[in-house]
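Just so you know, these numbers come straight off a predicted model, no measurement behind them. Position 1 is the first residue of the sequence; numbering continues from there.
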Amino acid sequence: MPRFDGGRVSIQAYEESVCDAQRVEIFTFELPSQIFRLTSYDEDVTFDGELYTAVPISHGQITLAVLGKIRELSVSIARDHELAQILRRN
């Protein structure tokens, strides 16, 4: 399994909605030469002026450390997605 060590990954890890609805999870993968903004939602999402592309993506349990920072996170994405291909090459 490829490891992501060459940049930053962030995920919106808290719930902000006030009603029962489908959760919108957004992921940002910052590689040295490219940024991928993805969402597991059914359609593309714009958040804070940025477009997050809908893709089949999931994650394991979120473990938070000090100040709400994520310590470790396992993310699954289709192997033919451009991000997965880049990570496999590195």
Side-chain angles (χ1 to χ4, degrees):
M1 171 181 286
R3 300 219 24 108
F4 181 73
D5 296 323
R8 281 186 0 200
V9 177
S10 62
I11 177 175
Q12 191 74 21
Y14 58 90
E15 179 66 45
E16 294 182 350
S17 64
V18 294
C19 60
D20 289 334
Q22 181 180 352
R23 178 190 300 204
V24 175
E25 296 175 318
I26 57 175
F27 302 81
T28 302
F29 298 87
E30 294 183 24
L31 304 177
S33 63
Q34 196 168 2
I35 297 175
F36 291 88
R37 291 183 177 87
L38 308 174
T39 180
S40 58
Y41 196 61
D42 294 339
E43 57 190 52
D44 293 352
V45 172
T46 300
F47 177 76
D48 201 23
E50 300 291 350
L51 177 65
Y52 292 81
T53 305
V55 296
I57 187 171
S58 62
H59 62 82
Q61 182 175 351
I62 297 172
T63 304
L64 299 179
V66 179
L67 301 174
K69 299 285 184 182
I70 296 175
R71 228 175 45 193
E72 184 173 296
L73 181 65
S74 172
V75 177
S76 298
I77 191 168
R79 68 179 328 134
D80 62 346
H81 188 277
E82 183 181 2
L83 174 61
Q85 292 175 1
I86 290 170
L87 293 176
R88 271 199 309 275
R89 284 192 298 252
N90 295 331

**OP:** Keeping the roles fixed (side chain from S74, backbone from H59), state whether a donor-acceptor pair exists under 3.5 Å.
**Re:** no

Original post:
Rounded to the nearest 0.5 Å, what separation is found between the OG1 atom of T39 and the CZ atom of F27?
Top reply: 7.5 Å

Original post:
Quick one: CZ on F36 to CD1 on I57, what's the gap to the nearest 0.5 Å?
Top reply: 11.0 Å

Original post:
Rounded to the nearest 0.5 Å, how far does CG of L87 lie from CD of E82?
Top reply: 10.5 Å

Original post:
How close do A78 and A84 get, heavy atom to heavy atom, and via which atoms?
Top reply: O-CB, 3.4 Å

Original post:
Can you tell me if R79 uses its side chain to pair, donor with acceptor, with the backbone of R88 under 3.5 Å?
Top reply: no

Original post:
To the nearest 0.5 Å, what is the distance between OH (Y41) and CD1 (I26)?
Top reply: 13.5 Å

Subject >> Test item: D44 side-chain N/O and A54 main-chain N/O as donor-acceptor pair under 3.5 Å >> reply: yes

Original post:
What closest approach, in Å, do H81 and L83 show between heavy atoms, and which atom pair accounts for it?
Top reply: ND1-N, 2.9 Å

Original post:
Going through the checks in order, is the side chain to side chain contact (heavy atoms under 4.5 Å, CB included) test met by V24 and Y52?
Top reply: CA-CA 10 Å; V24 175; Y52 292 81; over 6 Å; no

Original post:
Between Q85 (side chain) and D80 (backbone), is there a donor-acceptor pair under 3.5 Å?
Top reply: yes

Subject >> Those residues that, when tested against E50, pass salt bridge (charged side-chain N to carboxylate O under 4.0 Å, His left out) (two or more places apart) >> reply: R37

